[in-house]
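First the structure, in the form of structure tokens, and then the observations on it.
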Amino acid sequence: MDAISYERAPDAAAAIRSASQPGVVFIGGGTNLLDLMKGGVARPVKLVDITHIDGLDRVTPLPDGGLRIGALARNSDAANHAWVRERYPLLSQAFLAGASAQLRNMATVGGNLMQRTRCHYFYDTGFPQCNKRTPGSGCAALEGNNRIHAILGASAQCIATNPSDMSVALAALEAVVRVSGPRGERAIPIAEFHRLPGERPDLDTTLQPGELITAVDLPPPRFAQHAKYLKLRDRASYAFALVSVAAALDMDGDTVKTARIALGGVAHKPWRASETEQMLAGKPLSRATLQSAAALAVREAKPYRDNAFKVELAQRAIVRAVEQAAAQGGVA
Ligand code: SF4
């Protein structure tokens, strides 16, 4: 067993200073990290406990009418916060679709952003081929069991998917991730936070070494009345999405003024269906228009041996989620 040192950071500045060395990892809820460590996938030399940093678990209103959710807010607390439920029901639904109640009680918003793929080969060190775990080793999923893998945006290096439900809703809401690091603070639009695999599938995000996620900012609410997070999976709870859809609509009667649609379970990052959104904007919502728009979302899909079903499933999920968002919406 490897030796690991532990440090409890009193504040963000101390945490960032401690993380300047290679092999140092922040730990919040630890729900994914401890699994990775037990399996020998992650081998940190030092854990910096950030759970005692004051103020990072708060949910606070922003001057522009938006909402700031601290990185240490527990998923269950964020899901059930009155402001999140009332103003961002899409996000509340996505939180509650993730994991189990026990895990949601432990997992933090920042950790949710950082959780790693559930590719079987990534977690099983008995398979030497995994470019994400060991760069340059190959990808066992390309010719292996790839039922849960990506159909969009993958590369010859990696076809893994991002497992987060929360991040799919954040993509549709165009949230901003706030980070603090050795070079100061910066704000990263959620669309730029997670990466496609390209030639570096070992990098999941655009975070720089030593940067600490401090909060997620939500823009002023526009989609509280018409929002639906639809998650399709192999069993009803504690399972990751085969396909998920975050649908948020701004409606004028039956006409869609603005549509925001993001997909989960199909790519290495939450996948915005921009062409689908553009086709729906300004039109009365009809099944025929919606089916044509949904087809655009998977126009460039590249399925593998076991996951061609996701191409059809994604289109059907978009149709159902948008229709349900239009019809009901409201508080989660
Ligand atoms: Fe590893 Fe990615 Fe291939 Fe899975 S899909 S085996 S995570 S390189």
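We count ligands from 1, going down the list as the structure has it; atoms in each ligand are counted the same way.
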Electrostatic pair E323:R287 at N-O distance under 4.0 angstrom: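 Counted as a salt bridge, because a side-chain N and a carboxylate O are separated by less than 4.0 Å.
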Does a side-chain N-to-carboxylate-O contact under 4.0 Å join K310 and D306?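 Salt bridge flag = no for D306 with K310.
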Applying the side-chain hydrogen bond (donor to acceptor under 3.5 Å, both in side chains) criterion to K132, which one of T117, D204, D202 satisfies it?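 Of the listed options, the one satisfying the test is D204.
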Pair D165-R233, salt bridge (Lys or Arg N to Asp or Glu O under 4.0 Å): steps then yes or no: CA-CA 12 Å; D165 295 295; R233 46 189 159 175; 5.9 Å; no
Is the number of heavy atoms from other residues, nucleotides or ligands within 6.0 Å of CD (E143) greater than 12?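 No - once you tally the heavy atoms of other residues, nucleotides and ligands closer than 6.0 Å, there are 12 at most.
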How many protein N, O or S atoms sit closer than 2.8 Å to atom 3 (Fe) of ligand 1?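 Protein N, O or S neighbours of atom 3 (Fe) of ligand 1 under 2.8 Å, waters not counted, come to 1.
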What pairs of donor and acceptor atoms, side-chain ones from residues 252-266 against any protein atom, are under 3.5 angstrom apart with sequence neighbours left out?
| residue | atom | partner | partner atom | Å |
| --- | --- | --- | --- | --- |
| T258 | OG1 | R222 | NH2 | 3.0 |
| R260 | NH1 | A172 | O | 2.8 |
| R260 | NH2 | E174 | OE1 | 3.4 |

